[in-house]
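Here is the structure we will look at.
Chain naming here is simple, since letters A, B, ... match the order of the sequence lines and numbering starts at 1 in each.
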2 protein chains.
Amino acid sequence: MRAKQASAEADWPASGRIARATPGAGTLANTLHRRLRDEIASGRLEPGARLDEQDIADIHGCSRTPVREAFRLLAAERLVELRGRQGAVVRSISAQTLIEMFQVMGELEGLCARLAARRSTPAQNAGLQAIHTRLVEAASAPADVFYDINEEFHEAIYEAAHNAFLAEETRRLRNRVAAYRRRVTHMPTRVEDTLREHAEIMAAILARDPEAAHRSMRAHLTLLGENLLDLIAGLD
Amino acid sequence: MRAKQASAEADWPASGRIARATPGAGTLANTLHRRLRDEIASGRLEPGARLDEQDIADIHGCSRTPVREAFRLLAAERLVELRGRQGAVVRSISAQTLIEMFQVMGELEGLCARLAARRSTPAQNAGLQAIHTRLVEAASAPADVFYDINEEFHEAIYEAAHNAFLAEETRRLRNRVAAYRRRVTHMPTRVEDTLREHAEIMAAILARDPEAAHRSMRAHLTLLGENLLDLIAGLD
DNA sequence: GAGCCCGAGTTTGCACACATTGAAAGGGTC
DNA sequence: GACCCTTTCAATGTGTGCAAACTCGGGCTC
């Protein structure tokens, strides 16, 4: 018998047995994949946490087979690391890698902004403004609420870029650093900085100025990355 | 009994049973993953080709379990598409998506070139020149030889950028379009165009001119993308 | 003759059992 | 007392069986 099971189940709020025929979910493996990814992105599963096949299987009420497949998918996304027979652990990202990632994200989100400045429809512009207004109003709301609306803003720009492939890749990268990025929201001046930078990005897009949009978005990501590094440095 | 097995095995030159303890390969699933990825990238498995779990298992002398895991990994890389219970097929990329992909690759490889111009070591510069010389000499060699050296050139720039994360992502994208990209090599003026464009990129890197390097690399990718579209248009 | 329904067959999805391999703990020796 | 060897055990890797679902073909009805 496995002693860990009881405590693990208690620590897993978002679990519960998966109905064999969950409607749009598809396969068990895909459902588990999504669930675990959310757990990691939200920070409920912290970097370095060990994932045990049998535990996850017990918790979700299925066998090890779909769990293993979900692990492979997470590993392919670089969200977890499979260490041979030593189990799977949630990947932790070094400061060096975070710097590198934010440089790449700056370029990709910069491209999104540039394309959005050229291609966004009037409706998309209006949507962007609406989201920004909500973000301003949420300035003193709980960090999680602010974070979610913030994400909506970026998502709206991906859409407005009208490049599905770019949107998909950018989203993927975003997910990979989500657990870290989320923490930055709690920093002192980050909320007001974000609002100012977003306003600048939005203005450039509305003004149909691709280069300015690119520049502001890249600057936004650079500053975010620097804030994140400050945070990490402070944790040591 | 499965009638397809015999013919399938005959059509699979790079196969053979996997020794249970293949040295650096790790697990069977990983080995299969690599093998299938190479098959797809090289074009031996064409877009739209159906992959049957049992067939692949028979061919490689293992059970379906590792094959299934390899399929999931390929699906996570977007190299194959899993259609529920309808089997796995090698993903074909639409012209629209190819345009989008080359735009993103242009940005990423452009960033590589820009960073390489700032960061490459003398040894890396020398290596780059050596590869370019070999590429010039291979101008009238078989297309596959030219293609491989061409890839080395780009790989050398990824290395010279000194951003491991960027290199990894760029490589991943490159792999995804490899099956298509390879065909462009056979186009009439592509060899000489490539040599000219590479020379320009290399000159910018050697001259430590980041913006010029970025610009030439992006132009290189744009032209490559356009050539690819011409090729595809001609196939219809 | 065309369209629909239904059943056989094939293929995937999942569970379970066994094999294999690191790792940690225990005892022995120097 | 410290180090090394051995043994045991727990967790992963792989093989196999069963059930559900999708496909395709044949027969029926309109």
Side-chain angles (χ1 to χ4, degrees), chain A residues 1-8 16-36 48-76 80-91, chain B residues 1-8 16-36 48-76 80-91:
Chain A
M1 200 57 74
R2 300 174 63 93
K4 273 158 57 182
Q5 185 177 343
S7 66
R17 273 180 169 57
I18 304 173
R20 186 60 163 278
T22 307
T27 66
L28 278 176
N30 286 335
T31 305
L32 284 169
H33 171 56
R34 246 193 315 269
R35 281 199 190 182
L36 291 170
R50 192 163 179 291
L51 299 177
D52 184 278
E53 291 184 1
Q54 191 64 54
D55 281 350
I56 309 272
D58 291 343
I59 291 166
H60 293 270
C62 63
S63 80
R64 278 175 51 220
T65 306
V67 175
R68 284 179 59 77
E69 294 186 352
F71 279 16
R72 301 304 164 126
L73 292 178
L74 293 169
V80 309
E81 193 180 347
L82 299 177
R83 295 184 176 171
R85 310 213 175 227
Q86 294 173 245
V89 297
V90 179
R91 219 163 206 253
Chain B
M1 199 54 75
R2 300 175 64 92
K4 272 158 57 181
Q5 185 177 342
S7 67
R17 273 180 168 56
I18 303 173
R20 189 59 162 279
T22 307
T27 66
L28 277 176
N30 285 335
T31 306
L32 284 170
H33 171 56
R34 247 192 316 269
R35 282 199 189 182
L36 290 170
R50 192 163 180 291
L51 298 177
D52 184 278
E53 291 185 1
Q54 191 62 57
D55 281 350
I56 309 269
D58 290 343
I59 291 167
H60 293 270
C62 63
S63 80
R64 279 175 47 220
T65 307
V67 175
R68 284 178 59 78
E69 295 187 351
F71 279 16
R72 301 304 163 123
L73 292 177
L74 293 169
V80 308
E81 193 179 348
L82 298 177
R83 297 184 175 171
R85 303 199 184 243
Q86 297 173 240
V89 297
V90 179
R91 219 161 203 255

- [ ] Consider the side chain of Glu53(B), meaning its heavy atoms from C-beta on, and name the nucleotide among dT12(C), dA15(C), dT14(D) that approaches it most closely.
- [x]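 The listed nucleotide nearest to Glu53(B)'s side chain is dT12(C).
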- [ ] Counting heavy atoms from C-beta on, name the nucleotide in dA15(C), dG13(D), dT12(C) closest to the side chain of Pro66(A).
- [x] dA15(C)
Expressed as a whole number of angstroms, how long is the span from [X]:[atom1] to [N]:[atom2]?
X	N	atom1	atom2	value
Asp52(B)	dC22(D)	CG	P	17 Å
Gln54(A)	dA10(D)	CD	C1'	11 Å
Leu28(A)	dC14(C)	CG	P	4 Å
Arg83(B)	dG13(C)	CZ	P	14 Å
Phe71(A)	dA11(D)	CZ	C1'	12 Å
Asn30(A)	dC14(C)	CG	C1'	13 Å
Ile56(B)	dT11(C)	CD1	C1'	14 Å
Asp55(B)	dT11(C)	CG	C1'	11 Å

Is any side-chain N or O of [X] closer than 4.0 Å to OP1 or OP2 of [N]?
X	N	result
Gln86(B)	dT12(C)	no
Arg72(B)	dG13(C)	yes
Arg68(B)	dG13(C)	yes

So which atom in [X] and which in [Y] form the shortest heavy-atom distance, rounded to 0.1 Å?
X	Y	answer
Ala70(A)	Leu32(A)	CB-CB, 3.8 Å
Asp52(B)	Asp55(B)	OD1-N, 3.0 Å
Pro66(A)	Cys62(A)	CG-SG, 4.0 Å
Leu82(B)	Arg72(B)	CD1-CD, 3.5 Å

- [ ] Identify, between Thr65(A) and Ala88(A), the residue whose nearest nucleotide on DNA chain D lies closer to the 5' end.
- [x]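 On the 5' side of the pair lies Ala88(A).
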Task: DNA chain D: 5'-proximal contact among Arg64(B) and Ala29(B) (nearest heavy atom) - done: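 Between the two, 5'-proximity favours Ala29(B).
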Task: Between the first and last five pairs of the helix from dG1(C)-dC30(D) to dC30(C)-dG1(D), the angle of the axes, rounded to 10 degrees - done: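 The value is 10°.
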Task: Residues in side chain to side chain contact (heavy atoms under 4.5 Å, CB included) contact with Gln86(A), at least two apart in sequence or another chain - done: Arg83(A)
Task: Residues which pass side chain to side chain donor-acceptor pair (under 3.5 Å) with Arg68(B), listed by chain and number, not counting sequence neighbours - done: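 Listed in chain order: Glu69(A), Glu53(B).
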Task: Arg85(A) (side chain) and dT12(D) (base): donor-acceptor pair under 3.5 Å - done: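 For Arg85(A), whose side chain was compared with the base of dT12(D), there is a donor-acceptor pair (under 3.5 Å).
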- [ ] Please examine the side chains of Val89(B) and Arg50(B), heavy atoms only from C-beta on, and report whether any two atoms are closer than 4.5 Å.
- [x]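 When only atoms from C-beta onward are counted, Val89(B) and Arg50(B) do touch, with a gap below 4.5 Å.
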